[in-house]
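So that the names make sense, note that chain A is the first sequence line, chain B the second, and so on, each numbered from 1.
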Amino acid sequence: MPELPEVETIAQNLKMGIDTPTLIGQEITKVSTRWPRHIERPSISTFRKKIRNRIIEDVGRRGKYLVLDLDEGTLLIHLRMSGDIRMINEEDVRGRFEHTILHFASGWQLRFSDARKFGRMILVRDPEEIFAKLGPEPLDPEFTVEAFANILSNKKRMIKPLIMDQSFIAGMGNIYTDEALHIAGIHPSRRSDGLTSGQVEALWSGIRMALLAGIQNNGASIDWIYRGGEYQNHFRVYQQPGEPCPVCETPIERIVLGQRGTHYCPSCQREK
DNA sequence: CACGAGACCTGTTCGC
DNA sequence: TGCGAACAGGTCTCGT
């Protein structure tokens, strides 16, 4: 479920506390889990010890990581494929996929629902340990067309897998990459070093437009796992094989690239 | 360095 | 109706 817009939405909701209290100021009393591998590091016992009595001071996002600043250290949460996280009152029945729970002194809980169990929590002293491996934030004002052209200039790869590489740009996943490439009119298997400067600019713009539209719609809710977002109602190509292209009516095609389902318009996004 | 395949996991949906 | 195959928002590791 989570790419940049979904994680951003979750972070904002947890911070604002829409129908629940805000996460900010909550004191963690303990963590409970039925799937210990949700705790990637430090070891589960150290994690339990260090997380106890910590206060959450801020909530944010970096790439696809949900970032909880604590009074000592930082808790990073990665939702991977099927993760979802929300504030729930301790009275509420535990859901089928709510494998890991942070308990707060207030009686509220942060529940990590994760059907496929790929998600991870990481407690670090300095989040730079993790963030150093991430590429730039695509919505950051510093991420200009020139900056994009610059990082692109060293690469010679197929464009779609490149855009999804977190060390190249942070936060792009399968949905928003397919959408961005369609907006830009670029075939997903084109080589990154074969783009014209016009295409580079169109792609930079397409990436930002797709992400902003996603955030504006609170992210995308595709299947039974996520709730909330509406962006799935605005997909141009993602998971729309056979449907008419919103631009030219040509049926959308589906291929596999880098082992990921890939959707594009064979007319708007020419191979060569 | 670039790239494909296999792992890690489980649930839902599709095709026969 | 039943049952296996295909597919799913991500990322890591290994071999070529």
For atom [atom1] of [X] and atom [atom2] of [N], their distance in whole Å:
{"X": "A/F97", "N": "C/dA8", "atom1": "CZ", "atom2": "P", "value": "18 Å"}
{"X": "A/F112", "N": "C/dG9", "atom1": "CZ", "atom2": "C1'", "value": "13 Å"}
{"X": "A/D114", "N": "B/dT10", "atom1": "CG", "atom2": "P", "value": "10 Å"}
{"X": "A/R191", "N": "B/dC1", "atom1": "CZ", "atom2": "C1'", "value": "11 Å"}
{"X": "A/K155", "N": "B/dC3", "atom1": "NZ", "atom2": "C1'", "value": "14 Å"}
{"X": "A/H99", "N": "B/dC8", "atom1": "NE2", "atom2": "C1'", "value": "14 Å"}
{"X": "A/Q259", "N": "C/dG15", "atom1": "CD", "atom2": "P", "value": "16 Å"}
{"X": "A/E98", "N": "B/dT10", "atom1": "CD", "atom2": "C1'", "value": "16 Å"}

[atom1]-based separation of [M] from [N] [nearest Å]:
{"N": "C/dA6", "M": "B/dG6", "atom1": "P", "value": "13 Å"}
{"N": "B/dC8", "M": "C/dA8", "atom1": "C1'", "value": "14 Å"}
{"N": "B/dT12", "M": "C/dT11", "atom1": "C1'", "value": "23 Å"}
{"N": "B/dA7", "M": "C/dA5", "atom1": "P", "value": "16 Å"}
{"N": "C/dC3", "M": "B/dC9", "atom1": "P", "value": "27 Å"}

Residue that, paired with A/K15, satisfies side-chain contact (heavy atoms from CB on, under 4.5 Å) out of A/L23, A/I10, A/D58: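 The option that passes is A/D58.
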What's the closest nucleotide to the [X] side chain, out of [options]?
{"X": "A/R157", "options": "B/dC8, C/dA8, B/dC3", "value": "B/dC3"}
{"X": "A/H78", "options": "B/dT12, C/dG9, C/dT11", "value": "C/dT11"}
{"X": "A/N174", "options": "B/dC3, C/dG9, B/dC9", "value": "C/dG9"}
{"X": "A/R260", "options": "B/dC9, B/dT12, C/dG10", "value": "C/dG10"}
{"X": "A/R116", "options": "C/dG10, B/dC9, B/dA2", "value": "B/dC9"}
{"X": "A/I222", "options": "B/dC8, B/dT10, C/dG9", "value": "C/dG9"}
{"X": "A/A115", "options": "B/dC8, B/dG11, C/dG9", "value": "B/dG11"}

A/D19 atom CG, neighbour heavy-atom count above 12 within 6.0 Å: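 12 or below, so no.
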Greater than 12 external heavy atoms within 6.0 Å of A/R34's CZ: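 Yes - once you tally the heavy atoms of other residues, nucleotides and ligands closer than 6.0 Å, there are more than 12.
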Aromatic ring proximity A/Y264/A/Y238, centre distance under 6.0 Å: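 No, the ring of A/Y264 stays outside the 6.0 Å limit from the ring of A/Y238, centre to centre.
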Sugar-phosphate, base or nothing in reach of A/R120, heavy atoms under 4.0 Å: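 Touches nothing.
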Under the 3.5 Å Watson-Crick or G-U criterion, the dot-bracket string of DNA chain C, with | for inter-strand pairs: .|||||||.|||||||
Can a side chain N or O of [X] be found less than 4.0 Å away from OP1 or OP2 on [N]?
{"X": "A/Q166", "N": "C/dG10", "answer": "no"}
{"X": "A/K64", "N": "C/dG10", "answer": "yes"}
{"X": "A/Y231", "N": "C/dG9", "answer": "no"}
{"X": "A/R37", "N": "C/dC12", "answer": "no"}

By salt bridge (Lys or Arg N to Asp or Glu O under 4.0 Å) - contacts of A/R157 (at least two apart):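 Listed in chain order: A/D165.
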Between A/H187 and A/R270: side-chain donor-acceptor atoms closer than 3.5 Å: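 Looking only at side-chain atoms, A/R270 and A/H187 do not form any donor-acceptor pair under 3.5 Å.
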A/F118 ring over B/dC8 six-membered base ring, under 5.5 Å and 30°: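 Per 5.5 Å and 30° rule: yes, stacked.
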Nearest non-hydrogen partners of A/S82 and A/A115, listed with the distance: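 Here A/S82 and A/A115 meet closest at OG-N, 3.5 Å.
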Rounded distance (nearest 0.5 Å) linking atom OG of A/S192 with atom CZ of A/F168: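 Taking OG in A/S192 and CZ in A/F168, the distance rounds to 7.0 Å.
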Parallel, tilted or perpendicular, as decided by the 30° and 60° cut-offs, for the rings of A/H38 and A/H99: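 The arrangement is tilted - the two ring planes meet at 30° to 60°.
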